[in-house]
Each structure stands twice: as structure tokens, then as C-alpha cells.
Amino acid sequence: MADRLQTILGHIANRDRITCQGHPVSGHASTYRYTLEKSKRKLTDEQRKFYEENGFLVIKNLVDKSDLEKYRQRFEQICRQEVKVPGMTIMRDVSIVKSEFVPDQKAVTKIQTWHTDDVLWEYCCHPKIVDYVECFLGEDVLAMHTMLINKPPDPGKLSSRHPMHQDLYYFSFRPVDRIVCAWTAMEKINRDNGCLVVLPGTHKGELLQHDYPEWEGGVNKMYHGVRDYNPNMPRVHLEMEAGDTVFFHPLLIHGSGANRTKGFRKAISCHYCTGHCNFVNLKGTLQQTIEDEVLELAEKRTGIPKDQIRYEDIWKFRSRVVKGKASFHDD
Ligand SMILES: O=C(O)CCC(=O)C(=O)O
């Protein structure tokens, strides 16, 4: 395990290219599960094996600063309420949620479900991102979940942390190995302002039970974490420069640290899924808790009784075709 951690740290430290020397090398394509054969066009053998082994891959300097600036400006317009995005959710940190309403980015910690906004949507369709996404999903690509996270300066209660979790916990679409998240740093992100933390190799495990963590300083809504998380498991802090992008598997256990600076830490992300996905029933599974919570919120927002809303339809609503065909979209 120590060797593997060393390898991963080498991968993160390297500014120019991905290195992953020391990983077991197999010449048989049949040993690949998480990347597709066609990824050979895009990924080096090292990169491909790195993702297979660890469940994530950082690509340095993938998105231009000029694009990031466009997304930042759009976020600010949305916060100032100059632009309204139908269906989008705006979230506030637990520590400021009860304070006076201010139409300013300082009050907003996350916007999500903004796939109908043409400017932010450019991120989901960014050719350099989609090129990598196809290595994991194939040519039919759906954007399923869009977020811009504006992690606030921690108020001293550590509420700006994001507990360690697996994204699949929130999803009712499958197959699991044909889902990938692209997460791009919109500025320098390091341990001071709360970088992502990942547990390499955990994508090979099961979906685990999640709950709200018992944090004294409070926990943000929907920020569930892995129950009985063992903080001694080997983990890696992904320190990234603006434009660096990490692709990761939906079972990879990850979270992010507190923002101990005075600035807001921004990242933009999209979860993609193959257009040939299917939906599973979560009733009676360990995901039912989150389904119930999301449906309750949907009832509050729409006035439609929650027993008349299907979780599957919420995900369909959040999705948009990036390229190719999708089993449940006509566009
Ligand atoms: O950007 C972050 O701090 C973590 C985001 C994350 O893991 C999530 O929203 O699922």
C-alpha cells in the first residue's frame, strides 16, 4: 500500500504529465474494466492503467483560463440575479443560510442543475473534456448532474468541509462503470482552500451506507458522508492549478477540506453517463434515504406531492445530451 501511495503522490506532484510508474502492467485489453478500448487513442497506457487502478485521473491544464473566466462571470451574474436559469438550485452554507438574503456570490456556495444555461453548458460540451469522457463512456454522452461549487471561507466551524462520500449514492442511473465526473479547478486549489481528497482504489469496492456526519459546526444540506468512515485509510490531496481537471469514478470515496482562506474556492463539474443508461429502483436499498430527502425537497419546490414524483424523472430532468444518442431523449 505504501508503494502505491508513493506512486499516486508522484502522479499528483508532476506538473506536466501524468506519471504512474510502478503500477502492475497487463498487456491484455480484457483486464480493463473502467476504460474502453477506444481510449487508447487518447490515453497513454500509463494513464489508462492509472485510472483502472486508482479510479481517478488528473489532466493538467485542460481548460483555458479564458473559458474559466466566462464561467466565473456567468456565476456572478446568476448570483446577482441578472440571469435566471430555469430549474437551477442555489445552495447556501449552513452557517449563512439563516442570515439575511444578499444577492451576492458570498451567499451562494453551490449552484446545480444549470444545464439549461447556454454559457455554463459550454463546460459540459467542452471538446477537450468530452474527448476524455468518451474514454470512459463511449460516444453517446449525457450530462446528468451539473455543479459550480463556490466553497466559502470557513466560519471557524469546519462547515465548509465536504464529508467523504461516493457520488453513486445520489444516482439511480447505471451502469456504474459508464458514469464519470469531470471536476475542474477554476483557480489554484490546495490544502489551504479545501482541495479534493480521494481514497485511491475505492472505486473497486461497494456502494457504502451514507448518513449526515455528526459535525458540531453543522452540515450542509444533502452533504451525506460514508458511515463509519475510517480516517486512517490512505488518501491523496489533489492540489490543482486553474484549468486542471480530474476525472473520477462514481464509487471513488472523496470529499474536500475546509477553506481556511478568506477567498471563495471555485470548481465546476459535470457528471456524465452513457446515453444507454438505465434506471434502478432504490426503494429498500441503502440509497432510499437520499431519494426520500430529494423527493421531499422537490415537493416543497414544486407543490407536487412527493409520492407522485419519480426519482428517475428528477434525474431525467437534470440530464441533457452532449453528443450521440440517449435512450430517453428525443433531442
Ligand atoms: O468541490 C468540492 O469541494 C467537492 C464536491 C463534491 O464532491 C460533490 O459535490 O459531490
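What's counted below: heavy atoms across the whole structure, side chains too, no hydrogens, waters or symmetry copies. We count ligands from 1, going down the list as the structure has it; atoms in each ligand are counted the same way.
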Trainee: L68 versus V63: any side-chain heavy-atom pair under 4.5 Å?
Mentor: yes
Trainee: Which atoms from ligand 1 have a heavy atom of M147 less than 4.0 Å away?
Mentor: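 Checking each atom against M147, I get 8 (C), 9 (O).
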Trainee: Does the Lys NZ or Arg CZ of K42 fall within the cation-pi geometry relative to Y132 - under 6.0 Å from the ring centre and within 45° of the axis?
Mentor: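 So K42 does make the cation-pi contact.
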Trainee: Would you mind checking which non-hydrogen protein atom is closest to atom 3 (O) of ligand 1, with the distance to 0.1 Å?
Mentor: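 Answer for atom 3 (O) of ligand 1: S256 OG, 2.6 Å.
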Trainee: Return the residue, atom name and 0.1 Å-rounded distance of the protein heavy atom closest to atom 10 (O) of ligand 1.
Mentor: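 Heavy-atom neighbour on the protein nearest atom 10 (O) of ligand 1: H165 NE2, 2.9 Å.
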Trainee: May I have the step-by-step check of side chain to side chain donor-acceptor pair (under 3.5 Å) for Q77 and R80, ending in yes or no?
Mentor: CA-CA 5 Å; Q77 284 176 327; R80 289 195 300 268; over 6 Å; no
Trainee: Number the atoms of ligand 1 from 1 as they appear, then name those within less than 4.0 Å of a heavy atom of D167, with their elements.
Mentor: 10 (O)
Trainee: Could you give the distance from OG1 (T35) to CG (L137), rounded to the nearest 0.5 Å?
Mentor: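 So the OG1 of T35 and the CG of L137 are separated by 11.5 Å.
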Trainee: Compute both the distance and the angle, then confirm whether R178 meets the cation-pi test with F136: under 6.0 Å from the six-membered ring centre, within 45 degrees of the axis.
Mentor: no
Trainee: Looking at ligand 1, is there an atom of it that comes within less than 4.0 Å of some heavy atom belonging to Y223?
Mentor: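 Contact check Y223 vs ligand 1: negative.
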Trainee: If you have a sec, work out which protein heavy atom is nearest atom 8 (C) of ligand 1 and how many Å separate them, to one decimal?
Mentor: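 Nearest protein contact, heavy atoms only, for atom 8 (C) of ligand 1 is H162 CE1, 3.4 Å.
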Trainee: Atom 2 (C) of ligand 1: which protein heavy atom is closest, and how many Å away?
Mentor: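 I find the closest protein heavy atom is R265 NH2, 3.4 Å.
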Trainee: Which of the numbered atoms in ligand 1 are below 4.0 angstrom from a heavy atom of K151?
Mentor: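 Result: 3 (O).
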Trainee: Any side-chain heavy atom of L148 within less than 4.5 Å of one from Q112?
Mentor: no
